[in-house]
Amino acid sequence: MNIKLLLVEDQKLMRIGLKALFNDYPEMEIIGEASCAKEAVEKTKLIKPDIVLMDLGLPDFSGIDATKQILEHNNNIRVIALTSHVSEDEVNNSLQAGISAYVVKDIATEFLMNIIKMIKLGAMWLDPKVVPFIRDKNCGIIPSRQLSRSVFKERHSNLTQREYEVLKLIVDGQSNSDIAKTLTISEHTAKAHVCNIIQKLVVDDRTQAAVKALKEGLV
């Protein structure tokens, strides 16, 4: 999977830091940078990235408005909102603008890379910190956890309860080692659960398993 990215961030040091994260991920390429919203819109038209990593607090106009303009021109592009804080209005406005993911900047590198892969495959992701804003308003964007879990179990009744627990941790971006620590099991057992989940969901890898879980409403 080759993913082309446009990085939109007004702070130069932050851009340098974000670019450095991708050195160990050759399947992802930052093909352009922008330091303001206007430049982001213009560059998106020129270089046609798969995904835009969009800072929301930009000096000319907001990343939310830039997202609207980008998607009006090309709705095949996916936008991941990057922010250093959580605001209910910002979350709702971002979703209305059409963002595919809302990510707080303190996220772990590996998790961010997994989210990018999931978004490229068509998934949507929200930082757990912002999910209550949406769910509590019952606005229909995210179904209730109890109902979605029930529907998911009906569709995939061959998964055990433990495998559901492991799948949620996969969606949260945890490695086999992290899963083992969280559930107080051996890493070998965690790996076995992951392999079983991949097989039962009829997917190729853990990223696709997470995508399927997100698409079908487990989280």
Between atom [atom1] of [X] and atom [atom2] of [Y], what is the distance when rounded to the nearest 0.5 Å?
{"X": "Lys181", "Y": "Ser175", "atom1": "NZ", "atom2": "OG", "answer": "7.5 Å"}
{"X": "Ile115", "Y": "Ser100", "atom1": "CD1", "atom2": "OG", "answer": "12.0 Å"}
{"X": "Ile185", "Y": "Glu165", "atom1": "CD1", "atom2": "CD", "answer": "9.0 Å"}
{"X": "Leu13", "Y": "Leu18", "atom1": "CG", "atom2": "CG", "answer": "11.0 Å"}
{"X": "Leu7", "Y": "Ile30", "atom1": "CG", "atom2": "CD1", "answer": "5.0 Å"}
{"X": "Asn2", "Y": "Met28", "atom1": "CG", "atom2": "CE", "answer": "10.0 Å"}

Compare every heavy atom of [Y] with every heavy atom of [X], then report the nearest pair and how far apart it is.
{"X": "Leu71", "Y": "Gly98", "result": "CD1-O, 3.4 Å"}
{"X": "Ala101", "Y": "Ile119", "result": "CB-CD1, 3.8 Å"}
{"X": "Ile47", "Y": "Gly32", "result": "CD1-CA, 3.9 Å"}
{"X": "Glu110", "Y": "Tyr25", "result": "CA-OH, 3.9 Å"}

When you measure from the side chain of [X] to the backbone of [Y], do you find a donor-acceptor pair of N or O atoms at a distance under 3.5 Å?
{"X": "Arg162", "Y": "Leu159", "result": "no"}
{"X": "Asn92", "Y": "Glu88", "result": "yes"}
{"X": "Glu163", "Y": "Thr160", "result": "yes"}
{"X": "Glu9", "Y": "Gln11", "result": "yes"}
{"X": "Asp172", "Y": "Gln174", "result": "no"}

Close side-chain approach of [X] and [Y], heavy atoms under 4.5 Å:
{"X": "Leu167", "Y": "Leu201", "result": "yes"}
{"X": "Ser84", "Y": "Val104", "result": "no"}
{"X": "Ile80", "Y": "Ile99", "result": "no"}
{"X": "Ser35", "Y": "Arg15", "result": "yes"}
{"X": "Val86", "Y": "Asp127", "result": "no"}
{"X": "Leu169", "Y": "Asp178", "result": "no"}
{"X": "Phe22", "Y": "Glu29", "result": "no"}
{"X": "Leu95", "Y": "Leu126", "result": "yes"}

Applying ring pair (Phe, Tyr, Trp, His ring centres under 6.0 Å) to Phe111 and not counting sequence neighbours gives Trp125
Check your understanding: Do Asn74 and Thr44 pass the side-chain contact (heavy atoms from CB on, under 4.5 Å) test, and can you show the C-alpha distance, the side-chain angles, and the key distance before you say yes or no?
Key -> CA-CA 9 Å; Asn74 186 347; Thr44 302; 5.8 Å; no
For residues 39-49, pull every pair meeting salt bridge (Lys or Arg N to Asp or Glu O under 4.0 Å), keeping only residues two or more places apart or in separate chains.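 Matches after skipping sequence neighbours: Glu39-Lys43.
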Under 4.0 Å between a side-chain nitrogen and a carboxylate oxygen: does that hold for Lys19 and Glu33?
yes
Problem - Heavy atoms of other groups near Leu46 CG, more than 12 under 6.0 Å - result: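 Yes, enclosed.
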Quick check on the hydrophobic clustering: are Met118 and Ile107 connected, directly or via other members, by side-chain heavy-atom contacts under 4.5 Å? yes
Exercise. Using the rule that two of Ile, Leu, Val, Met, Phe, Trp, Tyr join whenever any of their side-chain heavy atoms come within less than 4.5 Å, decide whether Met14 and Leu21 are in one cluster.
Key: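 Hydrophobic grouping puts Met14 with Leu21.
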query = Would you say the side chains of Arg206 and Asn176 form a donor-acceptor pair under 3.5 Å?
reply =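 Present: a donor and an acceptor within the cut-off.
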Donor-acceptor list for residues 50-68 side chains, cut-off 3.5 Å, not counting sequence neighbours:
{"from": "Asp50", "atom 1": "OD2", "to": "Lys4", "atom 2": "N", "distance (Å)": "2.8"}
{"from": "Asp55", "atom 1": "OD1", "to": "Lys105", "atom 2": "NZ", "distance (Å)": "3.3"}
{"from": "Asp60", "atom 1": "OD1", "to": "Ala37", "atom 2": "N", "distance (Å)": "2.9"}
{"from": "Asp60", "atom 1": "OD2", "to": "Ala37", "atom 2": "N", "distance (Å)": "3.3"}
{"from": "Asp60", "atom 1": "OD2", "to": "Lys38", "atom 2": "N", "distance (Å)": "3.0"}
{"from": "Ser62", "atom 1": "OG", "to": "Ile64", "atom 2": "N", "distance (Å)": "3.3"}
{"from": "Ser62", "atom 1": "OG", "to": "Asp65", "atom 2": "N", "distance (Å)": "3.1"}
{"from": "Ser62", "atom 1": "OG", "to": "Asp65", "atom 2": "OD2", "distance (Å)": "3.4"}
{"from": "Thr67", "atom 1": "OG1", "to": "Gly63", "atom 2": "O", "distance (Å)": "2.8"}

* Asked: Going through the checks in order, is the side-chain contact (heavy atoms from CB on, under 4.5 Å) test met by Leu5 and Ile31?
  -> CA-CA 6 Å; Leu5 301 157; Ile31 60 172; over 6 Å; no
